[in-house]
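Below is one structure, written out as structure tokens; comments come after it.
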Amino acid sequence: MSFGLVHPACAQSDDDRELAAIKAQMRHLEAEVQAIERRHVQRGSPRGHGAGQTAAAVPAVAGARRSAVAAATAQPPPDVLDVQQGLAGRTPPAGWAPTRTPIPTGPLQFASSVPHTAASSMDLTSSSPLAITQTAVDQLPPIFSIGNVSVRLGGFIDFSNIWRSSNMTSGPATAWNNFPYANSPNHGLDEERMSAQLSRFSVLLESNPTRAVRLQAYVETDFGGSAGTTNSVQISGYTPRLRQGYFTFTNKDWGVHLLMGQAWSLATNYAKGIVPRQEQLPPVTDNNQIPGITFTRVPQIRLGKDWGKKYWLGLSIEDPQATVAFSSALSSGGTLPAAYGQTAGTRVYYENTGGVLLNPNSEYTYNPAPDVILKGAVDTSFGHYEVFGMGRWFRSLAMLPGATTTRKSTTFGGGVGGGMTLPITSKVQLTGNVLAGQGIGRYGPSLLPDTTFKSNGSLTPVPEIMGSLGVIGHPTKSVLVYSYGGVESASRRTYTGANGAQYGYGVEDQNLGGCDVEFGTCNAQTRTLAAFTTGGWWHFLDGHYGSLMGGLQYTYIRKFAFRGNDGEGDSVYPQTSGNTVYVTFRYFPFQQ
């Protein structure tokens with residue numbers, strides 16, 4: 001979020017970021033010049049006259065260079081002036097073109113090892129600090145250039161100690177909907193785990209073919225992957241995975257933004273506009289965010305348009321997968337319980353095992369069409385606001401009783417949502433998001449089901465709503481604290497069977513008396529998850545050797561099931577709760 005009361009490092013415009021990068025390069029070059037001149041003084045003639053003249057000249061030369069740098073940084077390039085001061089129609093000098101790379105001396109140029117004096121790019125004063133939620137690679141100077149393409153590196157080494165009140169045998173990503181009921185022996189068995197899997201690396205390649213055009217390619221990875229042979233017995237050999245990988249085309253004169261690749265969904269809340277790496281992500285440690293947040297990170301094609309970088313409109317086509325739930329075990333190719341008035345059930349097919357380059361241990365639902373998301377946003381002096389709508393399609397194959405062939409069934413779902421980020425004071429921000437609709441479960445961290453089955457074998461979307469509200473505070477420039485509340489809730493989609501029982505999702509006639517008895521039978525289906533999260537970060541060490549940060553986070557979650565009975569005619573409402581605590585340290589070698 002970028003406006004008068006919020007620090008701009010996390011949400012500055014393309015021109016502001018370009019100017020900041022140019023200033024950082026000039027400060028870096030000034031430091032190199034001073035270091036070279038100091039070495040010349042140290043290697044100078046031992047004779048007092050020559051040495052004295054050189055020594056006297058150094059402060060004057062350094063001062064002159066600092067004055068030149070100050071003058072240059074005080075007067076931004078023409079395109080920046082056009083944006084910041086509204087000097088429309090100003091003509092740039094002949095042959096001038098913006099650059100964000102060191103001046104190349106060949107096809108490959110490395111930056112000097114001399115420490116630079118640029119200010120740290122570690123910023124904790126925004127509502128979604130990029131150094132925590134992503135890698136803040138945009139705020140870093142180029143490491144080297146290849147031709148006219150600059151290369152920036154970002155990332156951090158993460159060490160997290162995780163404690164959960166129930167043993168979920170999970171790494172640093174909590175499956176919120178899997179907190180067990182009291183019938184499981186894991187319910188009262190706490191879990192403690194150490195992990196470095198969230199260590200993250202990124203690379204940003206950028207080129208400016210013309211004054212108005214910018215090309216970028218971004219890749220971000222961590223070690224959240226797990227191969228079939230991975231374990232934590234002797235060697236914790238967890239594998240790299242693709243978090244983000246996309247390229248973008250931007251034409252500043254036209255206000256056009258194109259993205260192709262894997263990125264955060266357009267449905268994700270944004271801090272400014274709808275451009276990548278400006279998402280309004282909660283500054284939490286858990287890799288599965290917190291319940292109530294709307295997000296996915298999937299392949300997509302996105303086209304955006306801005307008007308004066310104040311009004312935004314975006315359309316995204318995103319790779320779909322669906323989550324399916326039913327009141328009894330039902331694999332693809334299985335038979336549904338017969339509906340009321342029928343003697344036999346329908347056989348259904350809805351997913352396949354992963355094939356080439358997909359996970360052979362996972363199932364992939366049928367994809368009749370991509371998810372389509374349309375979002376509008378506005379940036380004002382008193383906050384960022386956005387609304388969006390989405391459409392989804394679900395497909396299954398059904399073979400009716402007595403039939404010898406299957407028939408295809410396609411169902412539509414979708415929803416509407418919105419988000420906002422605004423300042424309360426100069427040190428406190430408020431952020432929130434909401435999404436409601438049918439078949440939207442995969443956009444929430446709890447992964448409530450998108451769909452269930454009708455008696456005829458077609459998928460029917462489950463009505464759901466999710467939302468969160470967060471407060472982010474900044475007691476000092478090096479400390480960030482936050483608190484979030486979130487909720488995700490689903491409604492019923494059922495049909496009546498030939499035996500008079502309910503089937504589908506949200507059935508209310510099951511015997512759930514065993515949910516509170518260890519080793520008891522419990523087929524409870526989740527109705528609502530509510531969560532409260534609080535935590536903070538302290539940036540306690542900074543210098544030309546990098547930055548160190550420590551974080552502490554606590555989350556309380558409560559899970560409520562649909563109503564059932566105790567087997568004796570009385571209603572029961574199973575519920576459970578859980579706690580997680582993260583203690584995290586991160587080293588940022590590139591934030592200097």
Side-chain angles (χ1 to χ4, degrees), residues 164 166 168-181 224-226 241 243 264-265 267-269 281-282 284 286-298 318-327 329-332 350-351 354 359 361-367 371 373 390 392 394 413-415 417 433-453 459-468 484 486-493 504-506 523-531 533 555 557-562 576-578 580:
R164 299 183 180 95
S166 293
M168 303 175 70
T169 318
S170 297
T174 304
W176 304 108
N177 198 16
N178 288 353
F179 268 97
Y181 292 98
S226 180
R241 64 169 185 171
R243 283 179 58 88
W264 294 93
S265 169
T268 307
N269 203 13
L281 302 170
V284 298
D286 198 298
N287 208 43
N288 201 23
Q289 304 291 315
I290 52 178
I293 295 294
T294 299
F295 84 95
T296 60
R297 207 169 50 239
V298 294
E318 306 187 358
D319 186 51
Q321 280 292 305
T323 55
V324 183
F326 195 69
S327 50
L330 182 69
S331 59
S332 186
Y350 60 93
E351 61 186 10
N359 187 349
N361 298 317
S362 294
E363 300 294 323
Y364 294 79
T365 55
Y366 301 157
N367 294 342
D371 293 358
I373 301 173
M390 69 169 62
R392 305 194 64 197
F394 309 99
N433 67 277
V434 65
L435 173 61
Q438 301 185 48
I440 59 172
R442 84 160 185 153
Y443 286 87
S446 300
L447 287 181
L448 295 179
D450 291 320
T451 61
T452 188
F453 284 101
L459 290 167
T460 178
V462 175
E464 297 170 43
I465 185 171
M466 64 186 72
S468 71
Y484 281 83
V487 64
E488 299 181 37
S489 186
S491 297
R492 304 174 62 230
R493 276 286 187 266
Y505 191 78
N523 296 321
Q525 296 176 305
T526 302
R527 174 172 56 88
T528 301
L529 291 103
T533 298
T555 298
I557 185 168
R558 196 163 187 86
K559 182 169 72 170
F560 303 88
F562 285 96
T576 188
S577 60
T580 69

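None of these values were measured; they are calculated from a predicted model.
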Nearest-0.5 Å distance that lies between atom [atom1] in [X] and atom [atom2] in [Y]:
X	Y	atom1	atom2	result
L447	L529	CG	CG	10.5 Å
S331	E363	OG	CD	8.5 Å
T451	R442	OG1	CZ	12.0 Å
I293	T268	CD1	OG1	9.5 Å
W264	L281	CH2	CG	4.5 Å
M168	N178	CE	CG	5.0 Å

With a 3.5 Å distance limit and no angle check, can you tell me whether [X] reaches the backbone of [Y] through a side-chain donor-acceptor pair?
X	Y	result
D286	T174	yes
D371	E318	no
S446	G444	no
R493	P461	yes
S332	Y350	yes
E488	P291	no
R392	G439	yes
S577	I557	no
S327	G504	yes
S489	E464	no

Is there side-chain contact between [X] and [Y], with heavy atoms separated by less than 4.5 Å?
X	Y	value
F394	T460	no
V487	M466	no
S170	R164	yes
S265	I373	yes
T452	L459	no

ask   = Should I440 and M390 be marked as a side chain to side chain contact (heavy atoms under 4.5 Å, CB included) after you check the CA-CA gap, both sets of side-chain angles, and the distance that decides it?
value = CA-CA 9 Å; I440 59 172; M390 69 169 62; 4.0 Å; yes
F562 ring center near Y505 ring center (under 6.0 Å) = yes
key: Verdict with reasoning, F560 to R527, per side chain to side chain contact (heavy atoms under 4.5 Å, CB included)   = CA-CA 6 Å; F560 303 88; R527 174 172 56 88; 3.8 Å; yes
Which heavy atom in [X] sits nearest to a heavy atom in [Y], and how many Å separate them?
X	Y	result
L435	Y443	CD2-CB, 4.0 Å
V462	S491	CG1-O, 3.4 Å
P445	N288	O-ND2, 3.2 Å
A173	N287	CB-CB, 3.8 Å

task = Apply side chain to side chain contact (heavy atoms under 4.5 Å, CB included) to T555 and Y484, showing your working.
result = CA-CA 9 Å; T555 298; Y484 281 83; over 6 Å; no
key: Listed partners of A436 passing side-chain contact (heavy atoms from CB on, under 4.5 Å), at least two apart   = I465
Residue list, ring-ring contact (aromatic ring centres under 6.0 Å, His included) with F179, at least two apart or on another chain =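 Per chain and number, F179 pairs via ring-ring contact (aromatic ring centres under 6.0 Å, His included) with no residue.
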request  = Give the C-alpha distance, both sets of side-chain angles, the deciding distance and a yes or no for side chain to side chain contact (heavy atoms under 4.5 Å, CB included) between L448 and W176.
outcome  = CA-CA 10 Å; L448 295 179; W176 304 108; over 6 Å; no
Side-chain donor-acceptor contact under 3.5 Å, N177 with T526 = yes
task = Answer yes if the side chains of Q321 and T365 hold a donor-acceptor pair under 3.5 Å, and no otherwise.
result =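 Yes, T365 and Q321 have a side-chain donor paired with an acceptor closer than 3.5 Å.
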